[in-house]
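Below you'll find the structure I mean.
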Amino acid sequence: MPLRDTSAHQAAADRTFQVDLRGLVDLLSHHLYSSPRVYLRELLQNAVDALTARHAIESHGAFGIRLYADGSVVRVEDDGVGLTEADVHTFLATIGRSSKRADGIAEQRADFIGQFGIGLLSCFLVADEIHVLSRSARTPDALAVEWRGRGDGSYTVRTLPPSAHPRPGTTVTLTPRADAGEWTRPAQVHALARHFGSLLRHPVTFDDGTGLGAPVNPEPAPWTRTHPTPGARSRALAAYGADVFGFTPLDTIELDLPAVGLKGIACVLPEAVPAGRRHGHRVHVKGMLLSEQAEEILPEWAFFVRCVVDAESLRPTASRESLYEDDTLAAVRDALAERLRAWIARAAASDPDLLHRFLQAHHLAVKSLAVHDDEILRMLLPWLPFETTDGHCTLDEFARTHRTVLVTSSVEEFRQVAAIASAAGLGVVNGGYTYDRELVHRLPEIRPEATVADLDPATLTAHLDPVDRETELAAAAYLARARDALAVFDCDVALRTFQPASAPALLVDSREARHERTRSQLAREQEGGLWGDILGALRQEAPRAQLILNQLNPLVRTAVTIDEPELARTSAEALYGQAAMLSRRPLRPAESSLINRSFLDLLAHALRKDS
């Protein structure tokens, strides 16, 4: 879709689409580019591609890029291949046409950063006019060509003597709009040049009007430099990672995929990150910064690292702010994942201190990997920390103490039974956290001598000792009143002895049992209707909760001797409420009401007794 040439007009039978350039620029600014600042990246990119084309015809020569900004203009000058008058008409006046598609250059297309031919339009985000002065390096006596493009869609072209641009190359000059000062001030231009071009392979300098050219990319990428010792190299890479990401890495992992020309580092985060949170990675393509938030370069489980890489063969999208999802990117993602696995394996084999610090911070990430990766599972499952009745410890330590490892299905269930199970000598692991239950069940694959089973109420109650017959008979009246008081919660009451003696009662009640009781209650309330018939068809014998009173506890021994019916009922309700709170599960409204009422009733009873 050509821009309108104001120097000539030629009638034609065929008509072309007319482009509202301002509308197109507005579309680009709101939907393609993330910020007007990309104008400088596009200018740098065009300059780099021009230099690449120049090197294709002249392999020797000191070619570079020079930036100038003094507040009134922004100028980018390169020693690249330059443009002829025909090139200008073909490439600068047609939206979507790229010089990288020209004859003789198309086969070298992979050497260029830009692929879409719309980058120059980004300059209209900050300026109403673009001035291009160029001289081709393909012909020794080539004329200079001047092109002026305007935001209204018009342009002019004229040829000038070679002296107008003494050296081959191109100079692009922008006169910023008044509202674009945020992006075109000298300090900002320099900062943007450093941001986008710090790893460019061609020398780039910046002049703020003082005549002193400051280097934009004074040093090559850190992974391309040589260092006297491996330790010095490791420290240099860590320092670079700290400068880029703002944290001191726990360790750095060198990334090198020669097949796609990718090099870089992965910085291991020193602290845990929320589960599922993915950090963006800093991706350069042929030295030019593409994105600081490229999540797609690594798999989801690798949220314990942040990467900075420079690649040759990854394809940018049209905006050049993210990566095109194709087979190459998928292969790179798999290869980088393998590098991370190899680093974990090396740490497990040769650096236990590093492994310990890594697992302390990132055990959840490793667990998510171990679920799907048998090699990581074999290497690290014994070293992963879990919450157990022996405290937080590794499965290897826990399995040496407990031949049978019991695992709960929820955090709530673990909270209910932890103290009692520990006193009874049972080894229970909290399986309620993400991945934990599945991983614990795979322990026998690594430790064949270990046995793993799900914990159920019967297993626990089997380790609670019954009271003698006389004690049971003496407490029968109290237990009957307690069952009657707690019937509204579908809760049975039993008297047992168990450790620790400081625990007056244990409430055994699973989430599944509560759901079944709720469903049964709904079926009773809606009996006769369609919904009631559906719930009735699903209804099973609703399992009851159990409040197990501890005869070893002095308070319980006193409570079971209460003869006054109302006081006995209130004390049973208070014991139920206390056990429910210790289970740390969410309380139902009726339970919260019961706790408040039983407390007030006991307080009233105590005050009456004192008076």
query = For the atom pair CZ (Arg66) and OG1 (Thr171), what is the distance rounded to the nearest 0.5 Å?
reply =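 So the gap between those two atoms works out to 7.5 Å.
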query = Is Ser368 reaching over with its side chain to a backbone N or O of Ala365, donor-acceptor style, under 3.5 angstrom?
reply =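 Yes, because the side chain of Ser368 sits within donor-acceptor range (under 3.5 Å) of the backbone of Ala365.
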request  = Keeping the roles fixed (side chain from Glu312, backbone from Val285), state whether a donor-acceptor pair exists under 3.5 Å.
outcome  =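 Checked: no pair found.
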inquiry  = For Gly280, is there any backbone N or O sitting under 3.5 Å from a side-chain donor or acceptor partner on Arg306?
reply    =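 Yes, because the side chain of Arg306 sits within donor-acceptor range (under 3.5 Å) of the backbone of Gly280.
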message = Checking salt bridge (charged side-chain N to carboxylate O under 4.0 Å, His left out) between Glu254 and each of Arg346, Arg339, Lys263, Arg233, which is the one that passes?
response =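 Per the salt bridge (charged side-chain N to carboxylate O under 4.0 Å, His left out) rule, the option paired with Glu254 is Arg233, out of Arg346, Arg339, Lys263, Arg233.
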inquiry  = Under a 3.5 Å threshold, yes or no: a donor from one side chain and an acceptor from the other, between Ser134 and Thr170?
reply    =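 A donor-acceptor contact under 3.5 Å links the two side chains.
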query = Any donor-acceptor pair under 3.5 Å linking the side chain of Arg282 with the backbone of Val244?
reply =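 Checked: no pair found.
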message = Closer than 3.5 angstrom, by distance alone: can the side chain of Arg333 be matched with the main-chain N or O of Leu298 as a donor-acceptor pair?
response =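 Flag not set: sc Arg333 to bb Leu298 has no pair under 3.5 Å.
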Heavy-atom check, side chain of His402 versus side chain of Asp390, under 4.5 Å =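 Contact flag for His402/Asp390 side chains = yes.
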ask   = Can the positive tip of Lys367 be found less than 6.0 Å from the middle of the six-membered ring of Tyr433, inside 45° of the ring normal?
value =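 That pair does not qualify as a cation-pi contact.
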ask   = Please, which pairs that meet ring pair (Phe, Tyr, Trp, His ring centres under 6.0 Å) have at least one residue in residues 187-218, sequence neighbours excluded?
value =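 Pairs touching residues 187-218 that pass the test: His55-His202, His190-Phe206.
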query = Which residues satisfy the side chain to side chain contact (heavy atoms under 4.5 Å, CB included) test with Asp310, sequence neighbours excluded?
reply =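 Only Arg201, Trp223, His284 meet the side chain to side chain contact (heavy atoms under 4.5 Å, CB included) criterion with Asp310.
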key: Tyr39 and Leu174, any side-chain heavy atoms less than 4.5 Å apart   =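 A side-chain contact under 4.5 Å exists here.
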Min side-chain heavy-atom separation Leu289-Arg41 under 4.5 Å =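 No, side chains not in contact.
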task = State whether the side chain of Ser234 and the backbone N or O of Pro230 hold a donor-acceptor pair below 3.5 Å, judged by distance alone.
result =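 Not a single qualifying donor-acceptor pair exists.
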ask   = Would you say the side-chain atoms of Thr210 and Asp208 include a donor-acceptor pair closer than 3.5 Å?
value =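 Indeed, the side chains of Thr210 and Asp208 share at least one donor-acceptor pair under 3.5 Å.
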